[in-house]
Amino acid sequence: MPTNQTREPIVAANWKMNTTPTEGTTLAREILAQHLPSTVQVVLCPPATSLTTVAQVVQGTAISIGAQHVYWETSGAFTGEISVSMLAGIASYVIVGHSERRRLFGETDRDVQLKTQAIHLAGLTPIVAVGESLEERDSGHTHTVIRRQVSSVFQALTPNEAGSSVIAYEPVWAIGTGRNASPDQAQDAIGWIRETVAIAHGSDVADRVRIQYGGSVTSENCVDLLRRDGIDGALVGGASLDATHFATIVLAAA
Ligand code: 13P
C-alpha cells in the first residue's frame, strides 16, 4: 500500500493574480537557483499571461508548469476563457475548484467535474481543490462538505484518471489568513478525502492519489504539516512569491 514514502511529494506554487511576465521570469529564475530536492515534484502556477515565459525559464528542468484556470469546452465563443488544448505543451497541471473561483466566480461542483474531466482528456493532471468555510467547520459540516466536493468530481472519473489526480485540501478559513489548519485538522480532513476516493474507486486507487494541504503554509509551519503521514505536499499561495520561503517548504516535503 503506497504511503508518504511511495507517493512522490508535490509542492505547487499558486501565484494567483500576481506577477507580470517579467516579474514571473525573475521569480522562476530565483526559485530555480535554490537547488530544490529532486525527490519532490515542484509545480509553478503563474497567471495565464506568464505561462509561456515562465515555461521557457524552467524548460529542461524538473520543475513543471501548472495553469490556474481552464474551461472545459474545446474552442468557440467563450470570451476570456482558455481551453485545455491551449495549455498543452505549456502546462502539465491545472488547478481546478479553488475556493476563490468557487466563491468569487460562482464555480459549482458540476463545473469542477467538467473541468477535471477535460483536463484528464487532454493528458494533463488536475489539482482539485476542496475545503470547507469557517461556518461549515464551526457547524460541524466539514466532512459532509468535503465528501460532496470530492465525490461529485471523482465519481465521474475513470479509476486511472482518479488515481493520477492531485487533490488539495484547502480550508477556506486558512487561505491568506495567516491561520493554517493544525497538522491534526489537516491530517483528519486528508484521511477523509482519501476515504472518499476509496468509496468511489477502491483503496488501491485512493492510495495512489496525492493529497496536498494548502492554506497559510509558511516556511515556519511547513515541517509540522508535511511530516504527517498522508499529507503529500502543499499548495502554497503567498509564501510561493518568495523564492527562499518557497524552497524551504519544498525541502520540508522531501
Ligand atoms: P495562502 O498560502 O496565501 O494562504 O494561499 C493558499 C492557496 O490558496 C493556494 O492555492
Side-chain angles (χ1 to χ4, degrees), residues 9-19 23-24 27 31 40-48 50-51 54 63-70 91-105 107 111-112 115-116 119 124-134 136-137 142 145-146 149-150 153 165-183 185-186 189-190 193 210-226 228 231-253:
I10 176 166
V11 176
N14 180 5
W15 292 354
K16 306 194 180 183
M17 199 175 72
N18 296 293
T19 71
E23 290 164 349
L27 179 54
I31 290 171
V40 180
Q41 177 65 66
V42 175
V43 185
L44 303 184
C45 307
S50 303
L51 278 170
V54 174
I63 295 181
S64 297
I65 296 295
Q68 297 178 17
H69 179 61
V70 80
S92 326
Y93 292 83
V94 187
I95 300 170
V96 62
H98 194 284
S99 67
E100 284 150 16
R101 296 226 54 97
R102 292 180 195 258
R103 221 163 24 92
L104 303 173
F105 302 100
E107 236 171 66
D111 294 343
V112 179
K115 288 176 182 201
T116 304
I119 291 163
L124 307 177
T125 302
I127 299 177
V128 183
V130 299
E132 80 289 358
S133 67
L134 189 58
E136 288 162 342
R137 174 162 284 270
T142 298
V145 169
I146 297 172
Q149 291 173 335
V150 173
V153 174
S165 297
V166 177
I167 301 176
Y169 169 59
E170 297 206 308
V172 178
W173 48 271
I175 294 176
T177 59
R179 177 188 168 195
N180 60 288
S182 71
Q185 288 172 322
I190 284 174
I193 289 169
R210 291 179 294 169
I211 309 181
Q212 305 169 305
Y213 167 75
S216 296
V217 177
T218 65
S219 49
E220 284 91 45
N221 62 26
C222 59
V223 172
D224 284 344
L225 286 159
L226 294 177
R228 287 299 183 102
I231 304 183
D232 302 319
L235 181 53
V236 189
S240 72
L241 296 169
D242 180 299
T244 52
H245 286 211
F246 182 63
T248 304
I249 297 167
V250 174
L251 210 62

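Keep in mind it's a predicted model, so treat the numbers as computed, not measured. As the structure lists them, so they are numbered: ligands from 1, and atoms in each ligand from 1.
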J.: Which ligand 1 atoms, with their elements, are less than 4.0 angstrom from a heavy-atom of Ala174?
T.: 4 (O)
J.: Give the residue and atom name of whichever protein heavy atom lies nearest to atom 2 (O) of ligand 1, and the separation in Å to one decimal.
T.: Gly237 N, 2.9 Å
J.: What is the closest protein heavy atom to atom 5 (O) of ligand 1, and at what distance does it sit?
T.: Lys16 NZ, 3.2 Å
J.: Say whether, by atom type as modelled, one donor and one acceptor occur between the side chain of Tyr213 and the main chain of Ala181 under 3.5 angstrom.
T.: yes
J.: Minimum distance, heavy atoms only, to atom 1 (P) of ligand 1: which one of Ser216, Ala12, Ser99 is it?
T.: Ser216
J.: Does Gly214 reach ligand 1, in the sense of a heavy atom lying below 4.0 Å from it?
T.: no
J.: How far apart are the closest heavy atoms of Arg228 and Asp224, and which atoms are they?
T.: CG-O, 3.6 Å
J.: Of all the heavy atoms in Ala239, does at least one lie under 4.0 Å from an atom in ligand 1?
T.: no
J.: Report the residue from Leu51, Asn18, Leu27 that forms a side chain to side chain contact (heavy atoms under 4.5 Å, CB included) with Pro46.
T.: Leu51
J.: Got the closest protein heavy atom to atom 7 (C) of ligand 1, with its distance?
T.: Glu170 OE2, 3.1 Å
J.: Which ligand 1 atoms are under 4.0 Å away from a heavy-atom of Leu235?
T.: 9 (C), 10 (O)
J.: With a 3.5 Å distance limit and no angle check, can you tell me whether Asn14 reaches the backbone of Gly237 through a side-chain donor-acceptor pair?
T.: no
J.: Ignoring hydrogens and geometry, is there a side-chain-to-backbone donor-acceptor pair from Glu132 to Ile146 under 3.5 Å?
T.: no
J.: So, the side chain of Gln212 versus the backbone of Ile10: is there a donor-acceptor pair under 3.5 Å, distance only?
T.: yes
J.: So which heavy atom in the protein is nearest atom 3 (O) of ligand 1, and how far is it from that ligand atom?
T.: Gly238 N, 2.8 Å
J.: Check whether any side-chain heavy atom of Ile175 lies under 4.5 Å from a side-chain heavy atom of His98, and answer yes or no.
T.: yes
J.: Test of understanding: given a 4.0 Å heavy-atom threshold, classify the contact between Ile175 and ligand 1 as side chain, backbone, both, or neither.
T.: both
J.: Hey, does the side chain of Asp232 reach the backbone of Val166 with a donor-acceptor pair shorter than 3.5 angstrom?
T.: no
J.: Hey, does Asn14 come in under 3.5 Å of ligand 1, counting only N/O atoms on both sides?
T.: yes
J.: Check each atom of ligand 1 against the heavy atoms of Gly215 and keep those under 4.0 Å away; list them by number with element.
T.: 4 (O), 6 (C)
